[in-house]
Amino acid sequence: MNQKLQGTFLLALWVIAVFFLFRHTSLALDEGAAKALLLDWSIGDQVASSVVTLGLPDLRVLTWIPLGFLWPGQVIAAKVMTLVLFAHAIYLLYLWHIANKQEETALLACGLALIAPLTIQQIDQLNPGVMLFITMVYGAYLDRAYRSAPRLFGGNFFAQLLLILFATSLHPMGVAYGLAVLYGWYKESSLGKLHQRSFLVGSFIALLMGVLLRWGWREISFGLNPFPAAAGVFLGHPLDVVLNLKMALLGLIAILLAVLFLISERKVIVTNQLSLSLSLALVIGVVSSDYNWGFMVLMFILNVGFPWILKPREALLQYGFFVQRGWLWILLLIIGTTFLHTDRNQYYLSKGNVLSNQDQLIQTLSDDVDLIRKVSDENSVRAPKIRVASQWPARTMIACRCDVLPLPPVTAKPEQELALIKGITHIVFVPNENKNLGLTQNLSMLGDRIETVSLQPGGVILHVKQSDQK
């Protein structure tokens with residue numbers, strides 16, 4: 001068996017192993033992914049859905065649209081598709097490192113990326129960070145293919161422009177890929193001015209369209225504490241984030257490593273598109289500092305930091321192999337063991353259906369809705385119309401299989417809020433978040449028109465009494 005077949009076989013085994021780590025439920029999903037899936041399912045089943053009221057989804061809606069026709073309602077199909085795409089991206093990443101004469105980095109970076117807890121969680125939750133990384137790898141591959149066989153306005157040309165638009169729709173960090181393409185063609189004109197100008201104009205238009213299309217990135221949280229996300233490099237994404245000393249120290253180590261590699265490899269970074277894309281994403285992603293950014297920190301350390309770590313050091317050559325490489329292998333053993341231990345814990349959490357506080361709140365609502373439908377069926381009466389206003393409308397819609405709308409805006413007077421929630425039977429949100437304080441105050445002043453169904457650490461479920469609405 002040749003080396004290529006061996007690698008393909010091992011990647012296939014990894015895909016199968018990770019599949020069994022997934023949650024096979026409709027919970028613990030990214031809100032943007034849920035919105036894209038709902039739209040695809042609505043198109044595939046040709047069913048009108050309130051998902052159209054949730055705003056424009058990111059362009060993963062195009063990636064998953066075949067799933068809407070083939071497997072509507074199956075979240076696991078999107079997870080498997082993302083898993084296979086990531087496996088292929090790792091294969092291309094390995095070839096990219098080999099082409100750059102980084103054989104050791106190719107093995108270590110790709111291997112650790114495959115077993116990192118944050119990688120598996122990103123795929124399981126369908127987070128945009130993993131799809132953004134896949135886009136960057138594909139973009140680097142297309143860039144190299146185009147430069148080796150340039151054909152203006154050919155498939156590789158428009159594919160790169162489409163990737164810029166796709167990446168920008170996912171996350172603010174997606175702008176980094178477009179900027180990397182612009183910088184690469186601004187500095188490199190060996191293929192002639194016509195190629196250079198075409199890419200500069202086309203990339204700029206695609207980047208601008210992507211930003212305008214997704215202006216605001218509503219599903220993305222901004223201004224988060226960067227330490228928990230950075231600690232995710234080592235610990236993965238915990239169910240509920242609580243900043244403690246361990247998380248702060250590990251987050252600080254990850255951030256310091258990223259800064260060290262940014263400074264040390266600054267001259268190398270600007271010479272290839274993938275390294276530049278990861279570096280710019282690292283900087284731009286600070287505005288969010290969510291776990292998508294944490295995943296990008298992980299990929300940056302593995303693919304940009306490892307070549308620096310593995311450079312031969314003249315001062316260490318005289319002390320033999322153990323001093324040169326032994327410390328690194330010990331460190332890799334510790335990191336690899338930590339990753340696998342966290343992966344095992346994630347498996348038990350998934351199989352035990354242990355949920356985060358937010359997902360537990362959504363699960364409670366889903367159980368209540370199922371109970372209402374069951375009682376109606378047993379009594380042979382028509383089930384009452386259930387319409388929910390949720391802080392996480394797409395995730396809630398998938399879980400409870402009912403009409404869900406976004407939270408109503410805050411009105412000047414509490415009585416005016418009733419007009420906005422007419423027809424709404426339940427409201428699900430986090431009452432003590434800053435952006436929800438006005439709504440919380442208005443609803444609290446409506447008296448017995450609103451009753452609390454469940455108050456949990458993840459938020460509150462309110463029931464709106466229909467008979468009292470005007």
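Residues: numbered from 1 along the sequence shown. Computed over heavy atoms, backbone and side chain alike; hydrogens, waters and symmetry mates excluded.
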Show every side-chain hydrogen bond (donor to acceptor under 3.5 Å, both in side chains) that has at least one partner inside residues 206-235, sequence neighbours left out. Lys35-Glu219, Arg214-Glu219
Does some side-chain heavy atom of [Y] sit less than 4.5 Å from a side-chain heavy atom of [X]?
| X | Y | value |
| --- | --- | --- |
| His171 | Trp293 | no |
| Leu182 | Leu200 | yes |
| Gln122 | Phe133 | no |
| Leu274 | Tyr141 | no |
| Leu67 | Asp40 | no |
| Leu126 | Trp64 | yes |
| Trp41 | Val75 | yes |
| Trp14 | Ile90 | no |

Donor-acceptor check, side chain of [X] to backbone of [Y], threshold 3.5 angstrom: yes or no?
| X | Y | answer |
| --- | --- | --- |
| Ser366 | Ala399 | yes |
| Glu31 | Arg395 | yes |
| Asn436 | Val430 | yes |
| Gln391 | Leu407 | no |
| Asn292 | Gly129 | yes |
| Ser288 | Gly285 | no |
| Ser289 | Val286 | yes |
| Thr342 | Pro117 | no |
| Tyr291 | Pro228 | yes |
| Thr168 | Ile164 | yes |

Evaluate Phe429 against Thr440 for side chain to side chain contact (heavy atoms under 4.5 Å, CB included), listing each step before the verdict. CA-CA 9 Å; Phe429 70 116; Thr440 302; 3.3 Å; yes
Distance-minimising heavy-atom pair for [X] and [Y]:
| X | Y | answer |
| --- | --- | --- |
| Gly139 | Gln160 | O-OE1, 4.4 Å |
| Pro128 | Arg60 | N-NH1, 3.6 Å |
| Val297 | Ala258 | CG1-CB, 4.5 Å |
| Asp30 | Ala33 | OD2-N, 2.9 Å |
| Gly294 | Leu118 | C-CD2, 3.6 Å |
| Ser390 | Val404 | CB-CG1, 3.8 Å |

Would you please indicate yes or no on a ring centroid separation below 6.0 angstrom for Phe199 and Phe157? yes
Validation row, ring centre His237 to ring centre Phe295 under 6.0 Å: no
Using 0.5 Å steps for rounding, measure from the [atom1] atom of [X] to the [atom2] atom of [Y].
| X | Y | atom1 | atom2 | value |
| --- | --- | --- | --- | --- |
| Asp143 | Tyr177 | CG | OH | 7.0 Å |
| Leu257 | Phe300 | CG | CZ | 10.0 Å |
| Ser169 | Leu165 | OG | CG | 6.5 Å |
| Asn127 | Asp290 | CG | CG | 8.0 Å |
| Phe22 | Gln121 | CZ | CD | 11.0 Å |
| Leu59 | Ile65 | CG | CD1 | 11.5 Å |

Do other residues, nucleotides or ligands put more than 12 heavy atoms under 6.0 Å from the [atom1] atom of [X]?
| X | atom1 | value |
| --- | --- | --- |
| Asn432 | CG | yes |
| Phe204 | CZ | no |
| Met209 | CE | no |

Between Tyr138 and Thr135, is a side chain to side chain contact (heavy atoms under 4.5 Å, CB included) present by the stated rule, with each step listed? CA-CA 5 Å; Tyr138 281 5; Thr135 304; 5.8 Å; no
Classify the ring geometry of Tyr186 against Tyr183: parallel below 30°, tilted from 30° to 60°, perpendicular beyond 60°. tilted
Could you label the plane-to-plane angle of the His24 and Phe19 rings as parallel, tilted or perpendicular, counting under 30° as parallel and over 60° as perpendicular? perpendicular
Would you please test Asn156 and Arg151 for side chain to side chain contact (heavy atoms under 4.5 Å, CB included) and show each step? CA-CA 8 Å; Asn156 284 344; Arg151 183 186 174 190; over 6 Å; no
Would Arg147 and Trp185 count as a cation-pi pair here, with the cationic atom under 6.0 angstrom from the ring centre and within 45° of the axis? yes
Under the salt bridge (Lys or Arg N to Asp or Glu O under 4.0 Å) definition, can you give me all pairs with a residue in residues 114-126, not counting sequence neighbours? Lys79-Asp124
Applying ring pair (Phe, Tyr, Trp, His ring centres under 6.0 Å), name anything that partners Tyr91, two or more places apart in sequence or on another chain. none
Do Asn303 and His97 have side-chain N/O donor and acceptor atoms under 3.5 Å apart? yes
Do Arg23 and Asp359 meet the salt-bridge criterion of a basic N to acidic O distance under 4.0 Å? no
Could you give me the CA-CA distance, side-chain angles and deciding distance for Leu21 and Ser350, then say whether side chain to side chain contact (heavy atoms under 4.5 Å, CB included) is met? CA-CA 7 Å; Leu21 295 177; Ser350 299; 6.0 Å; no
